[in-house]
J.: 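Okay, handing you the structure first.
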Amino acid sequence: GSTQQPGSTQQPGSTQQPGSTQQPGSTQQPGSPLVLVEAFLAALTSADKDGRIVVSQKSDNLQTSSLKFLLLNPAVHFASILQEARAVVVAGGTMQPMSEFYQLFQSAGVSPERIVEFSCGHVIPPDHLLPLCLSKGPSGVEFDFTYQNRDNTHLVRHLY
């Protein structure tokens, strides 16, 4: 079967690629590079003061350059979900600090009395954990796992 985004419409008999960003009413074919441009322009038309355009330009290789729209405040779009839904469950692993979620719900008009938090604590007993900090690998290579080194396979190999 085909994958469809919640809230999107699809004509009977048509197919949509999984992960496609094709907008309802789009004239572009799924998988077309213009679909990405169309989605970017659609994001710009609904942009508010909390949106930012990020340009990442690589002078040595233009093909790895990028243009992105980041929504810094999701409350604008999250509000419509909260207003239409009877209940919303936000589930995940590490979701601290919870104050950010409370702020998100309250900025969308949800009263604090309606927010219920359930937490089941740690699954692993404390005596089964041994946290250690390593600054160097077994061969003496200094670990620097920063964003700039995210693709550095040399560092990753020294973890073993």
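Starting from 1, each residue takes its place in the sequence as its number.
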J.: Excluding sequence neighbours, so at least two apart, what forms side chain to side chain donor-acceptor pair (under 3.5 Å) with E84?
T.: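 Result, side chain to side chain donor-acceptor pair (under 3.5 Å) vs E84: none returned.
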
J.: When hydrophobic residues are tied together by side-chain contacts of less than 4.5 Å, even through go-betweens, does V54 share a cluster with L72?
T.: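 Linked within one cluster.
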
J.: Mind checking side chain to side chain contact (heavy atoms under 4.5 Å, CB included) for S139 and listing every partner two or more places apart, or none if nothing turns up?
T.: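 Partners of S139 under the side chain to side chain contact (heavy atoms under 4.5 Å, CB included) test: V141, H158.
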
J.: Can you get from V116 to L82 by hopping between Ile, Leu, Val, Met, Phe, Trp and Tyr side chains that sit under 4.5 Å apart?
T.: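 No, because V116 and L82 fall into different hydrophobic clusters, even though each may have its own neighbours under 4.5 Å.
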
J.: Which pairs of donor and acceptor atoms, one on a side chain in residues 97-108, lie under 3.5 Å apart (sequence neighbours left out)?
T.:
unit_1: Y102; atom_1: OH; unit_2: E117; atom_2: OE1; d: 2.6
unit_1: S107; atom_1: OG; unit_2: Q103; atom_2: O; d: 3.1
unit_1: S107; atom_1: OG; unit_2: L104; atom_2: O; d: 2.9

J.: Of all residues at least two apart in sequence or in a different chain, which pass the side chain to side chain donor-acceptor pair (under 3.5 Å) check with E142?
T.: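 By the side chain to side chain donor-acceptor pair (under 3.5 Å) rule, E142 matches no residue at all.
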
J.: Taking only residues two or more places apart in sequence, or in another chain, which ones meet V37 in a side chain to side chain contact (heavy atoms under 4.5 Å, CB included)?
T.: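 By the side chain to side chain contact (heavy atoms under 4.5 Å, CB included) rule, V37 matches L41.
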
J.: Go through the structure and list residues passing side chain to side chain contact (heavy atoms under 4.5 Å, CB included) with R114, not counting sequence neighbours.
T.: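 R114: side chain to side chain contact (heavy atoms under 4.5 Å, CB included) contacts with V110, S111.
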
J.: Run the side chain to side chain donor-acceptor pair (under 3.5 Å) test against N152 and tell me which residues pass, sequence neighbours left out.
T.: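 Side chain to side chain donor-acceptor pair (under 3.5 Å) check on N152 returns nothing, list empty.
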
J.: Nearest 0.5 Å, what's the CG-CG distance between N149 and D144?
T.: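 One gets 4.5 Å once the value is rounded to the nearest 0.5 Å.
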
J.: For S56, give me all partners under side chain to side chain donor-acceptor pair (under 3.5 Å), at least two apart in sequence or on another chain.
T.: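 With neighbours one apart ignored, the set is empty.
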
J.: Would you mind listing every ring pair (Phe, Tyr, Trp, His ring centres under 6.0 Å) that reaches into residues 124-145, with sequence neighbours excluded?
T.: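 For residues 124-145: F143-F145.
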
J.: Any chance you could pull the hydrophobic cluster mates of L129, using side-chain heavy atoms under 4.5 angstrom and chaining through other members?
T.: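 L129 shares its hydrophobic cluster with I124.
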
J.: Report the hydrophobic cluster partners of L130, with the cluster defined as I, L, V, M, F, W, Y residues connected by side-chain heavy atoms closer than 4.5 angstrom, directly or transitively.
T.: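 Its cluster partners, ordered by chain and number, are L132.
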
J.: Under 4.5 Å between side-chain heavy atoms, chaining through other members, with only Ile, Leu, Val, Met, Phe, Trp and Tyr counted: pull out the rest of the cluster around F118, sorted by chain and number.
T.: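 None; F118 is a cluster of one.
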
J.: Are I115 and V90 connected, step by step, through hydrophobic side chains (Ile, Leu, Val, Met, Phe, Trp, Tyr) whose heavy atoms are closer than 4.5 Å?
T.: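 Linked, I115 and V90 end up in one cluster.
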
